[in-house]
Q: 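Below are the structure tokens for one structure; questions will follow.
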Amino acid sequence: MATELEELVGFLSSPSPNLTKAAVDIVHGLTGSEDGLKSLANHAEILLPPLSRLVAGKKEVSEPAAVALVNLSQRSAVAAKMVDMGMINLAMDLLFKSEPNISRLLVMLLVNLTQLESGTASLLQTGDEKMQGLYVMKLVRSFCRSSSSEDSDPFEHVGSILVNISKKEAGRKLLLDPKRGLLKQIIRQYDSSSPLRRKGVSGTIRNCCFEAASELQNLLLISEFLWPALLLPVAGNKIYSQQDRSKMPLELSSALSIEREPVDDPEIRAEVLEAIYMITLQEAGLRAFWSVNGPRIIQVGYEDEEDPKVMEAYEQLGSLLINSSGTEESAIETSN
């Protein structure tokens, strides 16, 4: 005999719109509690197919169904089942056909699914040479478009997806491919008003810099955009002197000639410092960093830093600069 939960799942496929609506609302409600999630997770194999079909339906059922899927995907075992059943393909198929709120939920679902190795591989389409990278290119294009309104930004969580896929070598290689130009597009969002977008950009750049030893040339090809994205968050909010700015490219000198809002998120500041460190471990990267007067920016930014972890990142970079230059001029002091 079917349990109450199995009967509830059966109503998700009911020909009656009212019964379907009632059932999906109950499932949605259950995913809001740990006990409800646990019960539904035990029935994931029969629950996920009808629930995923409802995402393509009318808003009254698609929205609660999408929220339920996002909540369920927080459980790794359920997320793995979603990936196996092709949920990433479904989400990508619906993403650009749906209204903004549903698109936002589908992006959040992809964030959770790409925390799994299988989810990342599925989004990267690593098993299909002809299609490989197409999903990511579509996501980057949407991420880099302006929000449709001030109150709605359905693609801001794409930054978290990019962080997830850039944790894998295949993802980094794709983003760094100069023919696709994806990282160049992503970097341009570093000064977005959205904290989520900025955090996604800094995390993605940092991850991509793990390939600095082999991909430095491709990183430096976009240095016009890369250095401002890495240096401005750690430059502090002081106005730099004409002498300091005369040694910088225009995109940096212009930004540092006026007062700026500081980057409040210490994680972003730490991530860009780690990225700079990985670049400057390479001889050509170090030369490029000195050529934009990067050490002076690090010195000034360090003077006003208060977060211990960020200070540690400044000091690690400062030690590298001192050792490489043979002098402590233009480098931060690392001793207390």
Side-chain angles (χ1 to χ4, degrees), residues 1-116 118-119 122-123 139 142 147-149 151-161 164 194-196:
M1 182 178 294
T3 65
E4 289 185 5
L5 197 54
E6 288 170 342
E7 289 182 355
L8 173 64
V9 172
F11 287 134
L12 292 173
S13 302
S14 171
S16 167
N18 290 336
L19 278 178
T20 301
K21 168 63 175 166
V24 75
D25 283 344
I26 293 172
V27 170
H28 172 209
L30 287 171
T31 64
S33 71
E34 188 59 35
D35 287 342
L37 276 174
K38 184 177 180 180
S39 297
L40 291 171
N42 291 333
H43 294 79
E45 290 188 5
I46 62 170
L47 171 65
L48 294 177
L51 198 59
S52 62
R53 285 195 293 270
L54 292 178
V55 179
K58 295 181 179 179
K59 184 179 179 181
E60 57 264 27
V61 294
S62 63
E63 190 164 338
V67 172
L69 288 170
V70 171
N71 292 341
L72 285 162
S73 66
Q74 296 175 62
R75 300 179 73 90
S76 58
V78 179
K81 286 185 171 66
M82 290 184 181
V83 174
D84 289 343
M85 65 177 281
M87 189 69 76
I88 285 180
N89 293 337
L90 175 66
M92 288 300 301
D93 182 53
L94 296 175
L95 188 57
F96 307 103
K97 304 174 183 176
S98 305
E99 62 176 70
N101 195 43
I102 301 299
S103 294
R104 181 180 180 86
L105 290 167
L106 290 171
V107 169
M108 293 171 70
L109 176 62
L110 289 171
V111 172
N112 291 343
L113 297 184
T114 52
Q115 291 181 31
L116 301 177
S118 60
S122 179
L123 188 69
L139 287 170
S142 298
S147 172
S148 56
S149 74
D151 301 321
S152 174
D153 187 358
F155 294 103
E156 66 177 349
H157 284 279
V158 168
S160 299
I161 298 173
N164 288 344
S194 164
L196 271 173

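Index from 1, following the sequence. All values reported here derive from a predicted model rather than from experimental measurement.
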Q: Counting C-beta onward and ignoring hydrogens, is there a side-chain heavy-atom pair between Glu4 and Leu8 closer than 4.5 Å?
A: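 Counting from C-beta outward, Glu4 and Leu8 never come under 4.5 Å.
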Q: How about Leu123 and Leu139: do any of their side-chain heavy atoms sit closer than 4.5 Å?
A: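 The answer is yes, as the side chains (C-beta and beyond) meet within the 4.5 Å cut-off.
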Q: Measure the shortest side-chain to side-chain distance between Val107 and Pro154 over non-hydrogen atoms and say whether it is less than 4.5 angstrom.
A: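 Answer no - side chains too far apart.
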Q: Would you give the length of the straight line joining atom CZ of Arg104 to atom CD1 of Ile102, rounded to the nearest 0.5 angstrom?
A: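 Rounded to the nearest 0.5 Å, the CZ-CD1 separation comes out at 12.0 Å.
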Q: Quick check against the 3.5 Å criterion: does Ser98 have a side-chain atom that pairs as donor or acceptor with the backbone of Leu95?
A: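 Looks like no, no N/O pair under 3.5 Å.
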Q: Backbone N or O of Val111 within a donor-acceptor pair of the Asn164 side chain at under 3.5 Å?
A: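 Here the side-chain-to-backbone pair exists.
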Q: May I have the step-by-step check of side chain to side chain contact (heavy atoms under 4.5 Å, CB included) for Leu106 and Val55, ending in yes or no?
A: CA-CA 9 Å; Leu106 290 171; Val55 179; 4.0 Å; yes
Q: Which pairs pass side-chain hydrogen bond (donor to acceptor under 3.5 Å, both in side chains) with one or both residues in residues 26-51, sequence neighbours excluded?
A: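 Passing the test, one end in residues 26-51: Thr31-Asn71, Glu34-Arg75.
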Q: Of all the heavy-atom pairs spanning Gly119 and Ile88, show the shortest one and how long it is.
A: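 Of all heavy-atom pairs spanning Gly119 and Ile88, the closest is O-CD1, 3.1 Å.
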Q: Roughly how far, to the nearest 0.5 Å, is CG of Leu48 from CG of Leu90?
A: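 Leu90 CG to Leu48 CG: 11.0 Å, rounded to 0.5 Å.
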Q: So among Val24, Leu12, Val27, Thr20, which one has a side-chain contact (heavy atoms from CB on, under 4.5 Å) with Pro50?
A: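 The option that passes is Leu12.
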Q: Working to the nearest 0.5 Å, report the span between CE of Met108 and CD of Glu156.
A: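 One finds 9.5 Å between CE of Met108 and CD of Glu156.
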Q: Is there side-chain contact between Ser142 and Val158, with at least one heavy-atom pair below 4.5 Å?
A: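 Result no, sub-4.5 Å side-chain heavy-atom pair not found.
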Q: Hey, are the side chains of Leu110 and Met92 touching, using non-hydrogen atoms and a 4.5 Å cut-off?
A: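 A side-chain contact exists here, since the closest heavy-atom pair is under 4.5 Å.
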Q: So which atom in Ser52 and which in Pro49 form the shortest heavy-atom distance, rounded to 0.1 Å?
A: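 Heavy atoms only, the tightest pair is OG-O, 2.8 Å.
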Q: Distance-only, no hydrogens or angles: does the Ser122 side chain make a donor-acceptor pair with backbone N or O of Ser118 under 3.5 Å?
A: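 No; judged by distance alone, with no hydrogens or angles, the pair does not exist.
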Q: Met87 versus Ser73: any side-chain heavy-atom pair under 4.5 Å?
A: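 Not in contact.
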Q: For Asp25 and Lys21, run side chain to side chain contact (heavy atoms under 4.5 Å, CB included): C-alpha distance rounded to whole Å, both residues' side-chain angles, the deciding distance at 0.1 Å, then the answer.
A: CA-CA 6 Å; Asp25 283 344; Lys21 168 63 175 166; 3.1 Å; yes
Q: If you measure from CG on Asn112 to OG on Ser76, what distance do you get to the nearest 0.5 Å?
A: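 Answer rounded to 0.5 Å: 11.0 Å.
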Q: Would a 4.5 Å heavy-atom cut-off, applied to side chains only, mark Val78 and Met82 as touching?
A: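 A side-chain contact under 4.5 Å exists here.
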Q: Rounded at 0.5 Å granularity, tell me how far CG in Leu69 sits from CG in Leu105.
A: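 Those atoms lie 9.5 Å apart.
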